[in-house]
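The structure under discussion appears below in the form of structure tokens.
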Amino acid sequence: AAKYTGADRFREHNSALDATAQHHAELAAALRRGLERGEFRLLYQPIVELPGGTVTGVEALIRWHPADQPVISPAEFIPVAEHSGLIIDLGAWILDQACADAAAWQQRHGSGGPRVNINVSARQLLDPDLPGLVADALHRHGLTPDRITIEITETAVFAGGAALETVRELRELGVGLALDDFGTGHSSLTLLRTCPVTTLKVDKSFIDDLNGTAEQEAIASSLSTIASTLGLRAVAEGVETRDQADRLHALGYRYAQGYYFARPIPASDIEELLTGPVLIP
Ligand code: C2E
Ligand code: MG
Ligand code: MG
Ligand code: MG
């Protein structure tokens, strides 16, 4: 008989949009077993400097490989991991693996090794142990805090009062702090006054159709101006074409990330990108 695992059920549930509590519980159990069995992998997507395309950083992006099944993307399972609380253990694994890879790059390339961005979800930001966990991971892997950047979302920071305090403690450790999907949340500009971020990751929706309308270009341009005026880095997300990269550079963007430069790839494949620009001439 065919195996009928939690992951299979989850796929069905997704297509049927039948969000029953039982499906969630089954998927949560499958995720937990997956964590115990080592079914998760981190891929890394380069963040490059414009216009040359030198890799200055990478973003860690998780994938789930349930036994004998196709890979499952984080958009499908991170929400369930959050609801079930498993994100705390999964997040600890992600942090440890990303720091291990960052340490290996630092050993081989010194300060030329890529800084590693690590996504942290809303539930993790509500965990008062998070700053201690990050400090411990840095210490165990012999990393200085400037080697990693924690990516948070505006929505997550507003999830509760404690989240902002956690963010401040993270910043005090000396790690970078990036506001992910910037511009899509509710209180972007208010947040910039209270939240000690170092980087704005300008959401893909502002980068798409850059040559389409004057409005789109004005918004993208303003967001890069806000960042530089506040002394923050701006990273353009989801850059897919040469044309976009050129426009973004002209609009003042110094950093970009997207399929035009590179897709998310295994840590071992990042290595060969560190010796030269990833831009196709
Ligand atoms: P995100 O943090 O905003 O990550 C960027 C997403 O955009 C990634 O999707 C990446 O593969 C995709 N992307 C990058 N460049 C392009 C492009 O040029 N075009 C298009 N269409 N897409 C592009 P991915 O890996 O599926 O991750 C989706 C989301 O899942 C992430 O969005 C993040 O919110 C979450 N996520 C991923 N990994 C983790 C993790 O380790 N922990 C947590 N808490 N969340 C994660
Ligand atoms: Mg991110
Ligand atoms: Mg993002
Ligand atoms: Mg995103």
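One-based numbering, in listed order, for ligands and for the atoms of each. On a predicted model such as this, the values are computed, not experimentally measured, just so you know.
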Proximal heteroatom of Asp180 relative to the Mg ion (ligand 3) (N/O/S): OD1
Report yes or no: does Gln216 contribute a side-chain atom to a donor-acceptor pair with the main-chain N or O of Ser205 at less than 3.5 Å? yes
Under a 4.0 angstrom heavy-atom cut-off, which atoms of ligand 1 come close to Asp181? 3 (O)
As an exercise, identify every atom of ligand 1 less than 4.0 angstrom from a heavy atom of Ile94. 40 (C), 41 (O), 42 (N)
Using non-hydrogen atoms of the residue, decide whether Lys201 is closer than 4.0 angstrom to ligand 1. no
Atoms of ligand 1, numbered as shown, that sit under 4.0 Å from any heavy atom of Ser121: 44 (N)
Identity of the nearest option to atom 23 (C) of ligand 1, non-hydrogen atoms only, from Tyr259, Trp93, Tyr260: Tyr259
Flag Asp181 as yes if one of its N/O/S atoms falls below 2.8 Å of the Mg ion (ligand 2), otherwise no. no
Check: of Pro264, Pro74, Gly238, min heavy-atom distance to atom 37 (C) of ligand 1 comes from Pro74
Between the side chains of Thr241 and Asp243, is a donor N or O closer than 3.5 angstrom to an acceptor N or O? no
Quick check: Ile62 and ligand 1, any N/O pair under 3.5 Å apart? yes
Hey, which N, O or S atom on Glu151 ends up closest to the Mg ion (ligand 2)? OE1
Is any side-chain heavy atom of Tyr259 closer than 4.5 Å to a side-chain heavy atom of Pro264? yes
So is Glu82 touching ligand 1 or not, going by heavy atoms under 4.0 Å? no
Closest candidate by heavy atom, reference atom 25 (O) of ligand 1, pool Arg63, Gln244, Gln97, Gln45: Arg63
What atoms of ligand 1 come closer than 4.0 angstrom to any heavy atom of Asp180? 1 (P), 2 (O), 3 (O)
Could you walk me through whether Arg123 and Asp127 pass the salt bridge (charged side-chain N to carboxylate O under 4.0 Å, His left out) check? CA-CA 7 Å; Arg123 178 86 174 243; Asp127 175 11; over 6 Å; no
Sub-4.0 Å heavy-atom contact, Lys204 with ligand 1: yes
Cationic N near anionic O, under 4.0 Å, Arg140 to Asp136: yes
Any idea how Phe40 and Trp93 line up, ring-wise: parallel (<30°), tilted (30 to 60°), or perpendicular (>60°)? tilted
Rounded to the nearest 0.5 Å, how far does CD1 of Ile265 lie from CG of Leu273? 4.5 Å
Going by the atom numbers of ligand 1, which of them fall below 4.0 Å from some non-hydrogen atom of Glu237? 3 (O)
Check ligand 1 against Ile78 and write out every atom of the ligand that is under 4.0 Å from a heavy-atom position of the residue. 43 (C), 45 (N)
Heteroatom test (N, O or S) for Glu237 near the Mg ion (ligand 2), limit 2.8 Å: no
Indicate yes or no for a side-chain donor-acceptor contact from Glu49 to the backbone of Arg254 under 3.5 Å, with no hydrogens or angles considered. no
Could you walk me through whether Asp246 and Arg242 satisfy the salt bridge (charged side-chain N to carboxylate O under 4.0 Å, His left out) test, starting with their C-alpha distance in whole Å, then the side-chain angles of each, then the deciding distance to 0.1 Å, before giving a yes or no? CA-CA 6 Å; Asp246 290 346; Arg242 166 79 183 259; 3.5 Å; yes
Main chain of Leu251, side chain of Ser224: is a donor-acceptor contact present, judged purely on distance under 3.5 Å? yes
So Gln106 and His141, side chain to side chain contact (heavy atoms under 4.5 Å, CB included) or not? Walk me through it. CA-CA 10 Å; Gln106 189 179 31; His141 294 284; over 6 Å; no
Decide side chain to side chain contact (heavy atoms under 4.5 Å, CB included) for Arg32 and Leu90; before the verdict, give the C-alpha distance in whole Å, the side-chain angles of both, and the deciding distance to 0.1 Å. CA-CA 9 Å; Arg32 180 162 291 285; Leu90 186 59; over 6 Å; no
Listed pairs under 3.5 Å, donor-acceptor, residues 157-166 side chains, sequence neighbours left out:
| residue | atom | partner | partner atom | Å |
| --- | --- | --- | --- | --- |
| Thr166 | OG1 | Leu125 | O | 3.0 |
| Thr166 | OG1 | Ala162 | O | 3.0 |

So which N/O/S atom does Glu59 have closest to the Mg ion (ligand 2)? OE2
Return yes when Gln257 approaches ligand 1 closer than 4.0 angstrom through a heavy atom, no otherwise. no
Show the atoms of ligand 1 that are less than 4.0 angstrom away from any heavy atom in Glu240. 17 (C), 18 (O), 19 (N), 20 (C), 21 (N)
Please confirm if an N, O or S atom belonging to Asn117, backbone or side chain, lies less than 2.8 Å from the Mg ion (ligand 2). no
